[in-house]
Amino acid sequence: MTETSGTGATAGESRTNDEVWIVGATGRVGRGVTARLAARGLTVVPVGRSRERMVAAGTAAGLPGDAKVVVADSAELIAAEIARQRPRVVVNTMGAFAATAPVIARACMPGGHYVDPAADVVAVEGLLALHDEAVRTGSTLVTGAGFGVLATEAVVAKLCEGRPAPHRVLVDAVGSVAVEAGVLGAALAASMVDVLTAGGRRYENGRLVTSRLGADPRRLAFPDGEAAKSAGVASGELVAARAVSGAPFVTATSGLVPTAPLIRALLPLLGRLLSVPALRRLAVDRLGRVRIKAAPRPRKHSWGHAVVEWPDGTRREGWLRAGDGMDFTADVTATVTELLARGVGRPGAWTPAAALGTELATTAGGTFVPD
Ligand SMILES: NC(=O)c1ccc[n+]([C@@H]2O[C@H](COP(=O)([O-])OP(=O)(O)OC[C@H]3O[C@@H](n4cnc5c(N)ncnc54)[C@H](OP(=O)(O)O)[C@@H]3O)[C@@H](O)[C@H]2O)c1
């Protein structure tokens with residue numbers, strides 16, 4: 001690959017080169033996104049802390065052996081390289097998004113674009129808070145570019161099309177993911193610990209309020225005849241469903257939250273324990289090293305689901321069907337990235353369907369049920 005040099009943009013300039021940087025290109029999501037974008041002919045540059053691992057992962061993903069890589073091992077150092085070299089789009093899959101996303105996204109401005117698959121309330125709200133800055137600098141920032149947020153947000157947006165703001169929205173995200181053999185990994189471990197420490201959230205009268213993690217456990221019967229359990233969580237889906245609908249009352253559940261009564265009863269205590277910084281570090285470290293066995297995905301489909309209610313009693317329900325949840329996440333991140341690289345997308349900070357429309361969900365391989 002030929003290395004393209006940055007233009008050294010100063011404040012007010014928005015020139016970028018034609019590169020798409022993948023932060024975390026050796027990880028599960030990063031590898032999938034790298035392979036998809038390389039196959040679509042984009043100039044992909046892996047960014048991470050080990051040159052050797054990036055070259056190996058890049059080659060496996062279809063990049064030439066001598067492809068450019070950028071070596072940097074923290075969000076701050078990565079941001080400094082972005083500011084120096086000016087890639088057109090940066091995809092962040094390094095995790096810990098509440099901390100890393102604002103640092104990396106700010107470095108993309110002016111004019112460069114940013115994408116991440118964050119799925120927690122703090123990270124999604126934090127990135128959306130950069131909206132005015134992004135509008136001023138002509139950058140498009142997309143957070144939540146993964147299964148959970150898009151699969152629910154797109155259904156809510158479709159159900160609300162051409163109607164006034166509803167009174168109440170309920171969204172459920174139940175992914176079905178094949179497990180790769182190997183270690184769990186620090187990024188995923190950190191996300192799991194963050195879910196436990198964040199506890200639950202819901203919107204009441206338009207305000208984000210605390211609720212219990214694992215509240216409102218439910219059994220979902222999917223349109224394909226399969227079923228799964230889900231329970232309340234403080235997720236990016238919640239923020240996206242509120243933003244796209246304008247409903248004052250919003251709740252979100254996820255298939256990732258344990259629904260067994262004993263475990264649900266222990267979740268608040270576990271969350272409090274893991275809020276202690278030393279225990280959090282220990283838990284992320286230990287969990288990240290856990291070796292897991294390969295396993296097929298438990299159900300054929302991943303499902304996003306929404307129920308929307310209006311003050312006059314009208315109630316509408318819809319689904320988005322996808323295949324493997326991890327593959328769909330890589331498809332969504334890659335599709336958003338490709339669109340931004342090609343100049344599609346309005347300046348601002350958005351969730352994926354808000355940035356690029358509900359059809360993004362079908363472009364990325366999902367199917368609305370009913371159509
Ligand atoms: N929205 C969704 O539906 C969805 C779905 C899947 C995943 N996710 C989220 O996406 C994130 C990535 O998941 P994953 O399964 O791909 O994780 P992963 O396999 O652990 O990959 C993490 C990547 O980040 C890199 N990295 C970690 N710390 C770094 C640092 N300090 N400097 C530079 N690079 C660093 C790792 O590089 P090394 O090779 O050096 O370790 C690796 O390439 C997680 O936060 C996960 O929760 C969201």
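When a ligand or atom number is given, it counts from 1 through the structure's own listing order.
Under 4.0 angstrom from ligand 1, there are no non-hydrogen atoms of Ala190. Residue contacts with ligand 1 for Val29 involve both N, CA, C or O and side-chain atoms from C-beta outward (heavy atoms, distance under 4.0 Å). Within the 4.0 Å heavy-atom criterion, the part of Ser191 lying near ligand 1 is the side chain and not the backbone.
Here the CG-CE distance, from Leu63 to Met54, works out to 11.5 Å after rounding to the nearest 0.5 Å. With rounding to the nearest 0.5 angstrom, the CG atom of Leu273 is 11.5 Å from the CG atom of Leu282.
Side-chain contact check for Glu237 and Thr152: no donor-acceptor pair (N or O, by modelled atom type) lies under 3.5 Å.
Contact analysis leaves Gly288 out of contact with ligand 1, as no non-hydrogen atom separation drops below 4.0 angstrom. By the 4.0 Å heavy-atom criterion, Phe97 is counted among the residues contacting ligand 1.
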Kindly indicate, with the supporting measurements, whether the criterion salt bridge (Lys or Arg N to Asp or Glu O under 4.0 Å) is fulfilled by Arg299 and Asp224.
CA-CA 10 Å; Arg299 291 172 300 279; Asp224 64 358; over 6 Å; no

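Listed by number with element, the atoms of ligand 1 under 4.0 angstrom from any heavy atom of Met326 are 6 (C), 15 (O). The ligand atoms of ligand 1 that sit less than 4.0 angstrom from a heavy atom of Ala119 are 1 (N). Those atoms of ligand 1 with a heavy atom of Gly95 less than 4.0 angstrom away are 45 (O). Every atom of ligand 1 is numbered from 1 in the order shown, and the set under 4.0 Å from a heavy atom of Gly27 is 16 (O), 18 (P), 19 (O), 21 (O), 42 (C), 43 (O). Atoms of ligand 1 found under 4.0 Å from any heavy atom of Thr93, numbered from 1 in the order shown, are 11 (C), 12 (C), 22 (C), 23 (C), 24 (O). For ligand 1, the atoms lying closer than 4.0 Å to a non-hydrogen atom of Leu188 are 47 (O). Residue-ligand proximity, Pro117 to ligand 1, at heavy-atom distances under 4.0 Å covers atoms 1 (N), 2 (C), 4 (C), 10 (O), 48 (C). Which parts of ligand 1 touch Gly148 is read off a 4.0 Å heavy-atom cut-off, strictly below it: atoms 3 (O).
Electrostatic pairing of Arg86 and Glu19 does not count as a salt bridge here, judged by no charged N lying under 4.0 Å from a carboxylate O. Asp285 and Arg289 are joined by a salt bridge, as a carboxylate oxygen and a charged side-chain nitrogen come within less than 4.0 angstrom of each other.
When the heavy-atom distances from atom 38 (P) of ligand 1 to Arg28, Arg53, Glu76 are ranked, the shortest goes to Arg53. Relative to atom 24 (O) of ligand 1, the option among Met94, Glu52, Met54, Arg31 with the closest non-hydrogen atom is Met94.
Residue pairs satisfying the side chain to side chain donor-acceptor pair (under 3.5 Å) criterion with at least one member in residues 105-122, sequence neighbours excluded, are listed as follows: Asn92-Tyr114, Arg106-Glu133, Tyr114-Asp116, Asp116-Thr143. Pairs passing the side chain to side chain donor-acceptor pair (under 3.5 Å) check and including a residue from residues 260-278, sequence neighbours excluded, do not occur.
Between Ile78 and the choices Val70, Val103, Val23, the side-chain contact (heavy atoms from CB on, under 4.5 Å) rule is met once, by Val23.
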